[in-house]
Amino acid sequence: MAMMMSSRHCFKVKWKSLTLLMEHGIHADHSAATFSIENEDHTLANAVRFTLNQDPRISFTGYSIPHPSDARVNIRVQTTGDPARDVLKDACQNLMGMCQHVRDTFDKAVVDFKRSKVVDAMDVEH
Amino acid sequence: MPRVSALDMPDVPQGQLPPHLELQRTRVLCNSDAPIHTENIQYSGAYASMGVDNSDGLNKFLSNFKVEVTKLTEEDMEFDMVGIDPAIANAFRRILIAEVPTMAIEKVFIANNSSVIQDEVLAHRLGLIPLNVDPRLFDYMSENDAPTEKNTIVFKLHVRCERGSPRITVKSDELKWLPNGSEFVLATEKQGSNSTAKPKTYTSFTCSQDTMPEFSSNPISPKYPDIILAKLGPGQEIELEAHAIKGVGRTHAKWSPVATAWYRLLPEVSLLQEVVDERAEELVKKCPAKVFDIEDIAKGKKKATVARPRACTLCRECIRGDDWEKYVSLRRVKNHFIFTIESTGALPPEGLFTEAVKILEDKCESLLTVLS
Ligand code: SF4
């Protein structure tokens, strides 16, 4: 019984999970679409817009929050020809790659800082 | 930066931005009236006509991104994050404030409160107490869940001020952790009073929380023992039980794991021409943040230097009046963030940042799953 909580990280259990509500306009032309995402806001949309903008296949991208009391955000993706859905997926992948790198770099910087502190403290003792 | 007519500009070398565009791209210029070039040019093809690729690309990011910690204590930290777009840095900040979970008191069962502080005010004060417990060890409790040892922490508070004794102050250390869950028996149980079975209480714990390895050596308590909750006069009493659950700052600020988290852009102060003698003295005196120093140059002459640009608060005192703007240029580096995190105590600040980054990763992951 006692182990039920051991080292399991409940951050994984989402507070409210994201859902893709609709994909407007994808049937007419797959290179342009609006993705309507529920339970997300500027945090994800603005970050994804950045990585989308960095993709040379993008001709236009932007996002909007149609109403402040709806927990929903619309991300518009228009490409130069590739399917909008694939480009959005790549943007997510890139953002994840960036996050992983940020985490690694940050953890290393913290370790370096702590180590330099220990060295400083030893210098003082001598 | 003086404006140059396009006709007078030298031919732009391909593959490289002319200096004035490079400055606009990488710096905010803080002029005496207003800051300019505050926007970030994100579009990869923004400079395509000049043969410049504006995409940061994942590889470019991987090789340019740097972090340096400048201060780290148990409660707060400051670090420099260089080579990242504000869209991402701001996502981390927003997640730190609103989406990294903690435990906080959500339900308060008041058995008796004869103090002057009203029940609802007292309950609100209790909610705001930071708890010294790792939220990763608990589950979220949704509306239909029963309170169990996996999602609820129970505290009890029972203080009485005896008649004839002086007034007492109730502080957060009076909150006593109940590892076995609630001691209050459900109202519906009392009539049936089945004496053999254990009476049902407001929680259904299957085991005691203090048998769990994480808590056996490290009991749960408020982070700070000296937070004032109420004052009691002679004869007054408070008896209550407080149930803490896991939540995020988006629902209520009491779950926010940070007192605050913010960043500022690295200030860059540059002298456009030499500032000497009395003007140098004047400049040093103008700056309240002591950014400038005086350096002696030959023949008793003095020259102003920029010694501590990081201390600049951007008060713009140094470019006020006369033609000071011709001498000093105040700028901010657009991709250099001085990030500060103040933790309320559940997790150390460096742990909070790591969790925030993980949450953004999780968001991308769930978006990827719904897209495929
Ligand atoms: S803006 Fe203010 S703090 Fe910054 S250098 Fe000028 S006078 Fe000093």
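Throughout, a chain's letter reflects where its sequence line sits, starting with A, and its residues are numbered from 1.
Side-chain contact check for B/K66 versus A/T105: every heavy-atom pair is 4.5 Å or farther apart. Side-chain contact between A/Q54 and B/D85 is absent, with no heavy atoms from C-beta onward closer than 4.5 Å. The closest side-chain heavy-atom distance from A/F35 to B/L371 is below 4.5 Å.
Proximity to chain B is limited to the side chain of A/K114, based on heavy atoms less than 4.5 angstrom apart.
Expressed to the nearest 0.5 Å, how far CD of B/Q42 lies from OG1 of A/T61 amounts to 9.5 Å. Within the model, atoms SG of B/C364 and CE of A/M98 stand 10.0 Å from one another, a figure rounded to the nearest 0.5 Å. Interatomic distance, NZ of B/K363 versus CG of A/L44, reported as 6.0 Å (0.5 Å rounding). Atom CG of A/D55 is separated from atom CG of B/L58 by 11.5 Å, given to the nearest 0.5 angstrom. Atoms CD and NZ, on B/E68 and A/K108 in that order, are 13.0 Å from each other to the nearest 0.5 Å. Atom CG of A/D41 and atom CD of B/E99 lie 6.0 Å apart (nearest 0.5 Å).
When the candidates B/T369, B/N90, B/V357 are compared by the number of heavy-atom contacts under 4.5 Å with chain A, B/V357 comes out ahead. The residue among A/Q100, A/R49, A/K117 with the most heavy atom pairs within less than 4.5 Å of chain B is A/Q100. Of the listed residues A/D104, A/L88, A/L52, the one with more heavy-atom pairs under 4.5 angstrom with chain B than any other is A/L88. Interface check for chain B: of the options A/I58, A/L95, A/N53, the most heavy-atom pairs under 4.5 Å are formed by A/N53. Among the candidates B/A356, B/G45, B/A91, the residue making the largest number of heavy-atom pairs closer than 4.5 Å to chain A is B/A91.
A/F113 has its ring centre no less than 6.0 Å from the ring centre of B/F79.
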What's the verdict on side chain to side chain contact (heavy atoms under 4.5 Å, CB included) for A/V102 and B/F353, showing C-alpha distance, side-chain angles and the deciding distance? CA-CA 10 Å; A/V102 168; B/F353 186 78; 4.0 Å; yes
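Between A/R85 and B/S372, the shortest heavy-atom contact is NH1-N, 4.2 Å. Taking both residues in full, the closest heavy atoms of B/L62 and A/H101 are given as O-NE2, 3.1 Å, listed atom of the first, atom of the second, then distance. Nearest heavy atoms, A/M96 versus B/L368: SD-CD1, 3.9 Å. Heavy-atom minimum distance, B/L360 versus A/C99: CD2-SG, 3.6 Å. Taking every heavy atom of both residues into account, B/L367 and A/C92 meet most closely at CD2-SG, 3.4 Å.
With hydrogens and angles disregarded, no donor-acceptor distance shorter than 3.5 Å links the side chain of B/E350 to the backbone of A/D107.
Dense packing is recorded around NZ of A/K89, with more than 12 heavy atoms of other residues, nucleotides or ligands lying under 6.0 Å away. The 12-atom threshold is exceeded at CD of B/E39, counting heavy atoms of other residues, nucleotides or ligands nearer than 6.0 Å.
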